[in-house]
Each structure stands twice: as structure tokens, then as C-alpha cells.
Amino acid sequence: MADPWVRSQGLSVTQTVEDVGEVTMPGLSVRLSDTPMRLGGPPHRPGSDAALILREIGMEDALPALARVWGLQTSDLPSAW
């Protein structure tokens, strides 16, 4: 995972994970010319993007009510790992 050639080819990548720090993981080993793959972002705490998603669909004002009835958990979130 730390070999310079492996890293230069994108076969191992390092991402910063919230509350954990830097994590090295396998990269993308498949190369497709017509439909290139792309690496996703690091994991986030479950529920940490609730406000953003509700804002995108025009329901940001519903967040307090959903949290109150436990429809969404927006505080005391578990770790991403």
C-alpha cells in the first residue's frame, strides 16, 4: 500500500476520514477508457449530511420536526468507522 509505484498508479490512496485522520485504502485497479471509474470521497458520519440533502430537495425547514420524531438523527452521530 505504501510502495511508490503502487501509489503513483493510484492502486492505493490516502483519504482523511472525519474523527479518524488519514486512512490508506485500495485505489481503483480497473481502467476503462469509455467509462472511467472515479474514487469516491471518504466516509462521513451517518446523518451528517441530512441538512444538505433536505436543502437540495427543498425540505430544509422540516429538519427540526424530523429530528424531534427521530425520523432523522442529527446529533450524537456515530463515527464513520
Side-chain angles (χ1 to χ4, degrees):
M1 297 296 280
D3 181 271
W5 185 86
V6 170
R7 295 192 63 80
S8 72
Q9 299 300 306
L11 298 174
S12 85
V13 296
T14 300
Q15 292 183 326
T16 302
V17 177
E18 181 182 359
D19 295 333
V20 175
E22 289 193 344
V23 177
T24 300
M25 59 194 83
L28 302 172
S29 59
V30 177
R31 303 285 191 257
L32 304 172
S33 58
D34 290 338
T35 54
M37 299 176 74
R38 63 181 174 90
L39 188 64
H44 299 281
R45 291 172 157 246
S48 65
D49 55 357
L52 175 65
I53 292 170
L54 288 175
R55 187 176 319 118
E56 287 178 359
I57 62 172
M59 293 183 61
E60 186 174 19
D61 295 339
L63 181 60
L66 289 168
R68 192 171 40 257
V69 299
W70 294 11
L72 291 174
Q73 183 176 354
T74 58
S75 60
D76 299 324
L77 298 173
S79 173
W81 286 102

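In what follows, residues are counted from 1 in the order of the sequence shown. What you are looking at is a predicted structure, and each value in this text was computed from that prediction instead of being measured.
Side-chain contact between Pro43 and Val17: present, with at least one pair of heavy atoms (C-beta onward) separated by less than 4.5 Å.
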Applying side chain to side chain contact (heavy atoms under 4.5 Å, CB included) to His44 and Asp49, what does each step give before you reach the verdict? CA-CA 8 Å; His44 299 281; Asp49 55 357; over 6 Å; no
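Annotation for Trp70: hydrophobic cluster partners, listed by chain and number, are none (ILVMFWY side-chain heavy atoms under 4.5 Å, direct or chained). Other members of a hydrophobic cluster containing Met1 are absent, since no ILVMFWY side chain comes under 4.5 Å of it, directly or through relayed contacts. With side-chain heavy atoms closer than 4.5 Å counting as contact, directly or through intermediates, the hydrophobic cluster containing Leu54 also holds Ile57, Met59, Leu63, Leu66, Leu72.
When the salt bridge (charged side-chain N to carboxylate O under 4.0 Å, His left out) test is applied to Arg55, the partners found at least two apart in sequence or on another chain are Glu60. Shown here are the side-chain contact (heavy atoms from CB on, under 4.5 Å) partners of Val30, two or more places apart in sequence or in another chain: Leu32, Met37.
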Report all side-chain donor-acceptor pairs from residues 2-10 shorter than 3.5 Å, counting only partners two or more places apart or in another chain.
{"from": "Asp3", "atom 1": "OD1", "to": "Trp5", "atom 2": "N", "distance (Å)": "2.9"}
{"from": "Asp3", "atom 1": "OD1", "to": "Val6", "atom 2": "N", "distance (Å)": "3.2"}
{"from": "Arg7", "atom 1": "NH1", "to": "Ser12", "atom 2": "OG", "distance (Å)": "3.3"}
{"from": "Arg7", "atom 1": "NH1", "to": "Thr14", "atom 2": "OG1", "distance (Å)": "3.3"}
{"from": "Arg7", "atom 1": "NH2", "to": "Thr14", "atom 2": "OG1", "distance (Å)": "2.9"}
{"from": "Ser8", "atom 1": "OG", "to": "Pro4", "atom 2": "O", "distance (Å)": "3.4"}
{"from": "Ser8", "atom 1": "OG", "to": "Trp5", "atom 2": "O", "distance (Å)": "2.8"}

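Clustering ILVMFWY residues whenever any of their side-chain heavy atoms sit less than 4.5 angstrom apart, transitively, puts Val13 in the very cluster that holds Val23.
Counting non-hydrogen atoms of other residues, nucleotides and ligands closer than 6.0 Å to CD of Glu56 gives a total above 12.
Gln15 places no side-chain N or O within donor-acceptor distance of the main-chain N or O of Met25, the cut-off being under 3.5 Å.
Sorted by first then second residue, the side-chain hydrogen bond (donor to acceptor under 3.5 Å, both in side chains) pairs that include residues 28-38, not counting sequence neighbours, number zero.
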